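Keep in mind that this is a model prediction, so the values were computed, not measured.
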Amino acid sequence: RLVVLGKHDAHPWSTISPQQYQLLGGIASIERLGSKFAPKDINVAGAGEPDLVSAWPVDAGLLPTLGVAPALGRNFSAEEDRPNGPRAAILGYAFWQRHFNGDTGVIGRSVLIDGVATPVVGVLPATFRLDGAPDVLLPLALGAGSRDSATNLLVLARLAPGISRDAAGAAFDARLQAHAGELGFANANWHPHFVATSLARNLGATAKPVLLLFFACALCVLLLVAVNLSNLMLLRAVARSHAGAVRAALGASVVRLALPALGEGLLIGLFGAAGGLSLAAAALLLGHAWLPDTWIAPQATLIGWHAFAFAFITALAVGVLAALFGVWRGRGAANARELVAGGRVGASVASRRFGRTLVIAQAALATLLLASSALLAHSLWKLSRVDLGFDARNVLVFRLNPASALYPDTASVQRLAERLLGRLRAEPGVRDVALTTTLPIGSQLNVSVRLPDGSSPPEAPQYRAVSAHSFATFDIPLLAGRDFSDADRGGAEPVAIVNAAFQRQYLHGDAIGQTLRIDGGPDDLSMPLMRIVGVVGDVRQFGPQEAPPPTFYAPLAQVPDSLLNLLRQLVPLNAAIRVDGNAAAYADRARAALREVDARQGLAALRLLEHDVSDATALQRMNAVLVGLFAGLAMLLAGVGLYSVTAVAVAARQREFGVRAALGASAQRLL
């Protein structure tokens with residue numbers, strides 16, 4: 001009964017705007033509604049050193065909609081979920097354990113969140129996860145009559161009993177279409193359609209392609225096992241053909257003749273399933289110890305009863321079917337033919353031919369997996385050679401979030417930036433430092449602009465507010481014009497720099513001297529007109545497999561205060577330090593520098609930028625490794641099958657080889 005309400009073409013985790021969300025009350029097919037805004041970074045103090053953690057702004061309806069009760073304390077009240085209402089926070093379980101040592105007396109205690117004392121009213125249960133696990137929940141406090149049309153709100157609903165998702169989606173769509181004029185898409189070229197999608201579908205959407213690939217490879221290996229086992233059972237049936245024929249002639253029933261083979265099949269299935277599950281349990285332990293965190297889920301520690309049942313049923317089915325195949329080959333008249341045709345040399349010509357056919361099928365399946373593995377490895381190799389447009393080597397990055405209570409405007413944030421960058425630049429071995437709203441890879445922020453002719457691009461380009469020396473820090477080449485300087489600050493002429501893709505797509509190849517204005521909607525004129533002073537190289541923001549998006553840059557010191565307040569909700573500030581030598585060795589120095597500049601500020605995600613580049617191809621690497629492992633296992637199984645058929649054939653022809661050797665055949669001829 002849990003669904004996500006959003007646009008039909010935006011899976012997974014489709015979002016809507018606060019303005020749209022406020023129109024959804026009173027739909028009969030929906031029992032409860034809850035919403036979550038985009039996560040944001042907050043500084044938390046009051047339990048040791050200040051820390052920068054992830055906070056989810058949520059409304060008071062989210063936890064009841066999900067059926068989640070806090071492990072300690074309570075949910076947000078209606079008063080706390082109103083604009084300018086009492087402050088409150090609910091702690092995530094892991095954060096509570098990490099920063100408060102699981103102290104049950106934390107309820108009612110105040111912590112400093114972005115410099116403001118905030119009472120803790122609850123603690124989430126340890127099992128709570130929804131597209132990740134939050135450190136802190138804060139009240140969304142969405143005002144009545146909000147005109148916010150930015151689609152950053154994830155809306156979850158619990159359907160009324162007996163209501164289908166399609167019916168709820170139709171009611172949801174009808175409600176918003178009735179307000180199309182108010183929402184701004186009544187006469188627009190685009191006309192959105194809204195639906196309700198299963199929460200389970202959204203949770204599994206990103207993992208589904210990988211799991212399907214994983215499962216397809218496992219089925220190929222299982223098919224190889226079935227072919228191999230069938231071949232071995234056939235050879236066993238051939239070996240028993242003489243005894244079976246004699247027993248059949250003495251009156252043994254088909255069931256009695258089949259019992260030995262069925263017993264073997266059952267034992268093979270049982271021992272195979274038990275051994276496989278033991279290997280799987282060991283692989284999970286090794287996976288948690290050795291594999292990247294993004295490859296294996298934290299809660300994947302035990303094999304559930306579903307997996308046990310599936311493994312045993314599958315193994316028993318394969319074993320029994322292979323045994324029945326052997327029995328079928330040894331039935332009645334076929335048994336007599338095997339006895340006559342194979343009495344002198346073992347298996348008959350037909351059985352030997354069939355056994356070789358099965359081995360060929362195994363080799364074909366193994367080759368399929370090997371070819372897939374080679375293609376994935378080649379693709380990964382090509383991706384690793386793509387020029388991303390920047391140099392991530394020897395660059396250390398971390399996030400920080402200047403709290404609005406302490407740094408209310410652009411000028412105060414710029415003063416913090418200057419002190420921090422100056423302190424970091426003074427460290428021996430540091431070549432360049434920079435602050436930017438988004439890094440060159442792995443993060444994004446789209447902002448609409450007005451082009452020189454007054455039009456807006458069909459898709460909002462990427463936007464980054466950066467400090468001076470940012471392009472040098474990331475080694476992004478300057479293609480034309482000039483770089484930002486320390487003189488580009490508040491009060492000076494507003495300027496911008498665009499990348500080559502922006503110039504090529506929107507400015508007809510001639511950007512220098514032209515102007516841009518950030519599209520501020522009704523307040524458009526409050527945004528300054530920016531003159532383009534430079535063009536820089538393209539950066540593959542979304543990884544080597546995606547084309548570079550059009551991007552424009554603005555000096556951090558010239559960001560309008562109204563835009564800065566929006567940026568605080570959507571993206572953190574990222575500091576980058578390029579050093580000579582090992583960048584990881586500067587981690588403690590970065591923490592110490594921030595502590596000296598402002599002890600109230602925390603930092604998060606202190607890492608090498610190379611890790612972000614590596615994450616961009618993590619899925620391809622995981623696929624290549626998994627398919628490669630399956631391909632190796634398939635080749636091993638095909639080898640076992642070939643060995644078994646060859647060994648039986650050699651044993652059956654031993655007398656023939658002896659005669660040929662006695663007549664003078666060399667070892668090479670016999671081989």
Would you say that [X] contacts [Y] through its side chain, given a criterion of any heavy-atom pair below 4.5 Å between the two side chains?
{"X": "Tyr21", "Y": "Leu24", "result": "yes"}
{"X": "Met530", "Y": "Val495", "result": "no"}
{"X": "Leu516", "Y": "Tyr506", "result": "no"}
{"X": "Val433", "Y": "His469", "result": "no"}

Tell me yes or no: between the side chains of Asp59 and Ser35, is some donor less than 3.5 Å from an acceptor?
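Looking only at side-chain atoms, Ser35 and Asp59 do form a donor-acceptor pair, the distance falling under 3.5 Å.
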
Taking atom types as modelled and ignoring hydrogens, do the side chains of Asp561 and Thr410 form a donor-acceptor contact shorter than 3.5 angstrom?
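Yes, side-chain donor-acceptor contact under 3.5 Å.
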
Could you tell me whether Phe484 and Tyr553 have their ring centroids closer than 6.0 angstrom?
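Here the rings of Tyr553 and Phe484 have centres that are no less than 6.0 Å from each other.
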
Please indicate whether [X] has more than 12 foreign heavy atoms, meaning atoms of other residues, nucleotides or ligands, lying under 6.0 Å from its [atom1].
{"X": "Phe542", "atom1": "CZ", "answer": "yes"}
{"X": "Arg201", "atom1": "CZ", "answer": "no"}
{"X": "Arg165", "atom1": "CZ", "answer": "no"}
{"X": "Glu459", "atom1": "CD", "answer": "no"}
{"X": "Arg393", "atom1": "CZ", "answer": "no"}

Minimal non-hydrogen separation, [X] against [Y], with atom names:
{"X": "Ala157", "Y": "Leu5", "value": "CB-CD1, 4.0 Å"}
{"X": "Asp391", "Y": "Val395", "value": "O-CG2, 3.9 Å"}
{"X": "Arg589", "Y": "Pro428", "value": "NH1-O, 3.4 Å"}
{"X": "Leu507", "Y": "Pro452", "value": "CD2-CD, 3.7 Å"}

Say whether, by atom type as modelled, one donor and one acceptor occur between the side chain of Ser456 and the main chain of Val449 under 3.5 angstrom.
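Looks like yes, one N/O pair under 3.5 Å.
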
Can a donor-acceptor pair be found, under 3.5 Å and without considering hydrogens, that links the side chain of Gln558 to the backbone of Gly490?
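Looks like no, no N/O pair under 3.5 Å.
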
For the pair Asn499 and Val539, evaluate side chain to side chain contact (heavy atoms under 4.5 Å, CB included) and give the outcome as yes or no after the intermediate values.
CA-CA 8 Å; Asn499 71 343; Val539 169; over 6 Å; no

Mind checking whether Phe474 and Phe390 have parallel, tilted or perpendicular rings, split at 30° and 60°?
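If you compare the ring of Phe474 with that of Phe390, the planes turn out perpendicular.
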
Lys/Arg N to Asp/Glu carboxylate O, Asp488 vs Arg482, below 4.0 Å:
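Salt bridge between Asp488 and Arg482, a charged N being under 4.0 Å from a carboxylate O: yes.
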
Looking at Arg504 and Asp538, is any side-chain nitrogen of the basic one under 4.0 Å from a carboxylate oxygen of the acidic one?
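A salt bridge links Asp538 with Arg504.
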
What distance do [X] atom [atom1] and [Y] atom [atom2] have between them, rounded to the nearest 0.5 Å?
{"X": "Phe471", "Y": "Thr473", "atom1": "CZ", "atom2": "OG1", "answer": "10.5 Å"}
{"X": "Leu573", "Y": "Leu603", "atom1": "CG", "atom2": "CG", "answer": "12.5 Å"}
{"X": "Leu435", "Y": "Leu421", "atom1": "CG", "atom2": "CG", "answer": "4.5 Å"}
{"X": "Gln20", "Y": "Leu176", "atom1": "CD", "atom2": "CG", "answer": "5.5 Å"}
{"X": "Asn394", "Y": "Asp475", "atom1": "CG", "atom2": "CG", "answer": "11.0 Å"}

For Thr515, run the side-chain contact (heavy atoms from CB on, under 4.5 Å) check against Leu451, Ile532, Leu529 and tell me which one passes.
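Checked Leu451, Ile532, Leu529 against Thr515; only one passes side-chain contact (heavy atoms from CB on, under 4.5 Å): Leu529.
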
My understanding is that only residues two or more places apart in sequence, or in another chain, count here; which of them pass side-chain contact (heavy atoms from CB on, under 4.5 Å) with Gln505?
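If we apply the side-chain contact (heavy atoms from CB on, under 4.5 Å) test to Gln505, skipping adjacent residues, the hits are Ala501, Pro550.
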
